[in-house]
Amino acid sequence: MIISGKELSARLKAEMAEQVAAFPEKYGRVPHLVVILVGDDPASVSYVTGKAKASEVVGIRNTTIRKPETITEEELLSLIGQLNGDDTVDGILVQLPLPRHISEAKVIETISKEKDVDGFHPLNVAALWQKQPCTVACTPKGIIKLLKAAGVTIQGKRAVVIGRSNIVGLPVSKLLLDENATVTVAHSRTVNLPELTRQADILVVAIGRPKFVTADMVSEGTVVIDVGVNRDPQTGKLCGDVDFAGVEPKAAVITPVPGGVGPMTICCLMENTIECFLRRMSDGLRQD
Ligand code: GUN
C-alpha cells in the first residue's frame with residue numbers, strides 16, 4: 001500500500017479551514033504565521049511557497065519576509081525580537097539552512113518558545129523528552145499521523161530510524177518510543193546497517209542520500225517511511241532516500257516522494273500555528 005500524505009494532508013487542512021473560519025467571531029482575528037527566508041536557495045524558496053499556499057487554504061494569515069543572504073546575524077536576531085514582541089504574530093519560522101555566518105542555534109533560541117511553530121527551541125525539545133506539553137516538530141509529528149492514518153500498529157514493534165538529526169531523526173525516535181515501539185537509531189557510522197534494517201517492522205529513513213535504502217535492506221511486510229527529498233543524480237528528478245521501485249514490492253506500506261511525508265510536514269505546521277494561536281488567546285484571556 002502506498003500512503004498518500006498529499007491526500008491525508010488535504011483532508012486535515014480542510015478540517016482546519018473549518019475550525020479557523022470560526023476564529024474571527026470568537027477571537028477577533030485568524031492565526032498569523034511569519035516565515036523568514038534568508039537568501040534564495042531554490043529548495044528553500046519552494047518550501048516557503050508551499051507554506052504560504054497551505055496557509056491560504058487553511059485561512060491562516062501568512063507573512064513571508066525575504067532577506068538577502070548578506071543580512072547579519074544581529075539584524076536577523078533583531079527582526080526575530082521585534083516579531084516576538086508583536087502581539088499580532090502567533091508563529092515564527094526561520095527557514096533552514098541559514099548562511100554560514102549566522103548561527104542556527106542562536107536563531108532558534110531567540111524565537112520565543114510560545115511562537116516556535118517548528119518545535120526547535122531548546123525548551124520545546126526538552127519538554128518533548130520529558131513528556132511535557134510542547135510544540136512538536138512538524139515532520140516527526142506528520143510521520144506519526146501518517147502511520148496512524150494507515151492503520152499501522154506502532155506499539156510493541158521494532159522501529160529503526162536512519163538519521164539522528166535534531167529536525168527529524170531524534171524527535172521521531174522519541175515519538176515512536178512514546179507510542180511504545182522499540183526504537184533503534186542508526187546513522188552513517190552504523191556497522192552492518194542492512195542486517196539491522198532487515199529486522200525493522202517500521203523503517204524511517206531520514207539520511208539525506210538519494211535511493212540509499214535498497215530492496216536487500218528491507219524484509220517483506222515492512223512499513224517504510226521515506227523522509228528524503230533529493231535529486232536523483234541520474235535523472236535530475238525528485239527522489240527520496242529509499243529506492244522506491246525496488247522496495248515498494250516488499251513493503252506492506254510505503255510513502256512516495258514527492259507526496260508522502262512532505263505535505264504532512266506543512267500540514268503539521270498549520271496545526272502548530274493554530275495551537276500557538278489558541279494558547280496565546282487563552283493566555284490572553286486569563287490575564288484579563
Ligand atoms: N528546512 C528543512 N526542514 C525544515 C523545517 O521543518 N523547518 C525549518 N524552519 N526549516 C527547514
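Both counts, for ligands and for their atoms, begin at 1 and track the order of listing. Side-chain atoms are counted along with the backbone in the values below, which use heavy atoms only and exclude waters and symmetry mates.
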Non-neighbouring partners of Phe244 that pass ring pair (Phe, Tyr, Trp, His ring centres under 6.0 Å), sequence neighbours left out: none
side-chain contact (heavy atoms from CB on, under 4.5 Å) with Lys67: which of Leu79, Leu37, Leu76? Leu79
Of Thr63, Asp90, Leu269, the one forming a side-chain contact (heavy atoms from CB on, under 4.5 Å) with Leu33 is Leu269
Between Asp241 and Arg209, is the closest basic N to carboxylate O distance under 4.0 Å? no
Under a 4.0 Å N-O cut-off, is there an ion pair linking Asp87 with Arg280? yes
Kindly tell me which protein residues have any non-hydrogen atom under 4.0 angstrom away from an atom of ligand 1, grouped by chain and ordered by number? Leu93, Val94, Gln95, Leu96, Asp118, Phe120
Pair Arg279 + Asp283: basic N to acidic O under 4.0 Å: no
